[in-house]
Amino acid sequence: MKLWIVSMECAGIAEAGGVKNVTFSLCNEFSKLNNKVTLFIPVFKCNSWAHIKNLNKNAAEAEIYLCGESQTVTYSTAEFDTSDFSIVFVNHPSFAEKEGVYTYTENEECLDCSHKKGSGHTDALFKDILFQKAVCQYAMMQKKADLPEIIHCQDASTATLPALLAQEKKLSKIKTVVTIHNCGPAYHHNFSSIGEAAWYTDLPVSILYKSQNRSMIEPFLLAAESGAHLTTVSEDYAKELTDPENYDLTDGLAPIFYERKIKITGITNGFDFDRYNPADKNASLLPFEFNPEKRDLDGKWKCRKFFIQNVINTENYDCSGVKKYGKLDCSSDFSKEIYIAYHGRFASQKGLNILASSVPVILETFPFVRFVFMGQGEVDLENAIIDLTKQFPGKITYLNGYNQSIARMVCAINDFIVLPSYFEPCGLEDFIAQVYGTLPVAHRTGGLNKIINEKSGYLYDRNSSECLTAKLCEVIMIKKLKAGEITKVIKSAASYIHKEYLWKTVVQKKYIPFFKEILKN
């Protein structure tokens, strides 16, 4: 099969959120199965070139008409060095000047105070449509025999592409798939009005009218109205997206999906075990090896000791990309204290306010508990955690920013990781934590339902600080009084993820049959 995958991000090239892992894994696994795969991705200032080979910087050029002007884009072609998929890079100054894929960085705020760190790019719609029109134009430049059978678009930033393709007779027969990675408020990349959508896309008013959500024009609806097949990243999230009761969690889209009987197929994301394997330091990037599947956790405690002594409590370790707040008091036996982590985006969706409200109660009740936070995002949430490090010195540390090896350690050295999301399409942190012998404590929602309560982690039902506090008290006491039970769950969780959720398994059992069915119809 000839497959084009269109995404703003890809692990090892340009990284922002969970989309990067899905994009890479789909490209990698489909190409391993002898499919001809091409990834389309912009060239941002933050792009990494470490895994790029056979780069042809000026493979092609095109003029794109956008917002009343002609924009010149160039295409570079390449290959990924550890896989067999091809890459088409889209070059334009609007991408090249950005230090982040979707949001401004601290440095960009220093250069322009209007570009607040963590806020979305002011020209986001321009970038989205320019990229998608560039992919469409690249397809127009190809011979018919070289066109793909399926174009797979990743999330809202590329969801307008099926509508653009449908306007071109040469491309209108190509099957399209759009995967919804997040349908929460602020993730829709929508247009404020028909007029704005027409200005950017040049699409007919008739299809724009059919794609309205209140006054806004929705890329996901544009895709559905253009014949694209919609998928999402877990079976449970697919149910939530078509539940008319979930108006707020989808900013109005769920009732529309329901009323129009728009089918959304849930395919739970896989996991790249080989990139995280804790029994292989070269893969895990951890300082010591261990194997939760064999109940071998000695290296986990050594990693904890290393993390506390070298990363947190000294200033000599290379913490590039991260600001540290708060040190940790600990006993000589680094397995005795109970460590609880939060690692992820500091966004309202993630329920970090719920956890922040629970922390004081837990620390006042259990003096042997320590909290480790890592991530960045909304300034108010960042400040709330910084304040907690001051309120409870020696018991909380916060790593503001991102550093891959440190992020791996945060997932590996803790006993539990808290995932208090109000909604969660799939989730990756639970996978990583479970493979590293760290058990998730999660709100029972969306993709987090893949956690099997008391067998691969712990779930709680109502997302309030009271319910989370109660669940944390429960698991802390189990760890304190019945450590063997926790070890049993650790082994069960790690084995379950390794067996059931490899990307190879997901692609072969879910994606290949789904794509074959699309091509038949």
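The chain is numbered in sequence order, starting from 1.
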A cation-pi test, strictly: NZ or CZ of R370 under 6.0 Å from the centre of the six-membered ring of F392 and no more than 45 degrees from its axis. Yes or no? no

Is a donor from one side chain sitting under 3.5 angstrom from an acceptor on the other, for Y460 and N463? yes

Sub-4.5 Å side-chain heavy-atom contact between V322 and Y402: no

Ion pair K350/E424, N-O distance below 4.0 Å: yes

Please give me the minimum heavy-atom distance between D128 and M8, naming the atom from each residue. OD1-CE, 3.3 Å

Residue list, ring-ring contact (aromatic ring centres under 6.0 Å, His included) with F307, at least two apart or on another chain: none

Please check this pair: side chain of E109 against backbone of K117, looking for a donor-acceptor N/O pair closer than 3.5 Å. yes

Spacing of M374 atom CE and N414 atom CG [to the nearest 0.5 Å]: 12.0 Å

From M409 CE over to Q404 CD, what is the distance, rounded to the nearest 0.5 angstrom? 11.0 Å

Would you check if there is a donor-acceptor pair between the side chains of S7 and Q154 at a distance under 3.5 Å? no

Is it the case that more than 12 heavy atoms not belonging to K324 sit under 6.0 Å from its NZ atom? yes

Using the ring centroid of each side chain, check whether Y422 and H443 are separated by less than 6.0 Å. no

Does any N or O in the side chain of E240 come within less than 3.5 Å of the main-chain N or O of G446, such that one atom is a donor and the other an acceptor? yes

Mark yes or no for whether N403, through its side chain, and I406, through its backbone, hold a donor-acceptor pair below 3.5 Å. yes

Side-chain donor-acceptor contact under 3.5 Å, K261 with T242: no

With salt bridge (charged side-chain N to carboxylate O under 4.0 Å, His left out) as the test, would you mind laying out the steps for E485 and K488 before giving the verdict? CA-CA 5 Å; E485 185 175 324; K488 182 179 178 181; over 6 Å; no

Could you walk me through whether D236 and R444 pass the salt bridge (charged side-chain N to carboxylate O under 4.0 Å, His left out) test, one step at a time? CA-CA 10 Å; D236 282 280; R444 193 190 296 271; over 6 Å; no

Does either side chain, that of N277 or that of S284, offer a donor lying less than 3.5 Å from an acceptor on the other one? no

F271-Y276 aromatic ring centre distance below 6.0 Å: yes

Measure up the Y102 and H189 rings against each other and bin them: parallel (under 30°), tilted (30 to 60°), perpendicular (over 60°). perpendicular

Heavy atoms from other residues, nucleotides or ligands near OH of Y258 exceed 12 (cutoff 6.0 Å): no

Any side-chain donor-acceptor pair under 3.5 Å between S320 and D318? yes

Do the side-chain N and O atoms of E378 and S348 include a donor-acceptor pair separated by under 3.5 angstrom? yes

Derivation of the side-chain contact (heavy atoms from CB on, under 4.5 Å) call for Q309 and T314: CA-CA 7 Å; Q309 290 184 336; T314 69; 5.8 Å; no

Kindly assign one of parallel, tilted or perpendicular to the pair Y398 and F346, based on the angle between their ring planes and the thresholds 30° and 60°. parallel

For residues H152 and T179, is any side-chain donor paired with an opposing acceptor at under 3.5 Å? yes

Under 3.5 Å, is there a donor-acceptor pair between the side chain of S358 and the main chain of S465? yes

Check the side chains of T23 and N21 for a donor-acceptor pair under 3.5 angstrom, ignoring hydrogens and angles. no

Calculate, to the nearest 0.5 Å, the distance between atoms CD1 and CD belonging to I452 and Q434 respectively. 9.0 Å

Chi angles and distances behind the side-chain contact (heavy atoms from CB on, under 4.5 Å) call for I417, L439: CA-CA 6 Å; I417 187 168; L439 297 178; over 6 Å; no

Tell me if a side-chain donor or acceptor on T232 pairs with a main-chain N or O of I180 at a distance below 3.5 Å. yes

Between CG on residue L33 and NZ on residue K504, distance to nearest 0.5 Å: 8.0 Å

To the nearest 0.5 Å, tell me how far D280 CG sits from L285 CG. 9.5 Å

Parallel, tilted or perpendicular: ring planes of H498 versus F273, cut at 30 and 60 degrees: parallel

Classify the angle between the aromatic ring planes of Y237 and F423 as parallel (below 30°), tilted (30 to 60°) or perpendicular (above 60°). parallel

Are any of the side-chain heavy atoms of N28 and D84 separated by less than 4.5 Å? no

Rounding to 0.5 Å, atoms CG (L472) and CG (L355) come to a distance of 7.0 Å

A quick test of your reading: do over 12 heavy atoms of other residues, nucleotides or ligands sit less than 6.0 Å from NZ of K479? yes

Pair K239, D243 - check salt bridge (charged side-chain N to carboxylate O under 4.0 Å, His left out), show working. CA-CA 6 Å; K239 295 174 185 175; D243 182 345; over 6 Å; no

cation_pi(K450, F431) dist<6.0 Å, angle<=45: yes

Checking side-chain contact (heavy atoms from CB on, under 4.5 Å) against I151, which of V178, L3, V6 comes through? V6

Check whether the side chains of H188 and E218 place a donor and an acceptor atom closer than 3.5 Å, and report yes or no. yes

Relative to each other, are the rings of F515 and F30 parallel, tilted or perpendicular (30° and 60° limits)? parallel

For the residue pair T505 and E500, confirm or rule out a side-chain donor-acceptor distance under 3.5 Å. no

Quick one: sort the F85 and F80 rings into parallel, tilted or perpendicular, breaks at 30° and 60°. parallel

Sidechain N-carboxylate O distance under 4.0 Å for K323, E106: yes

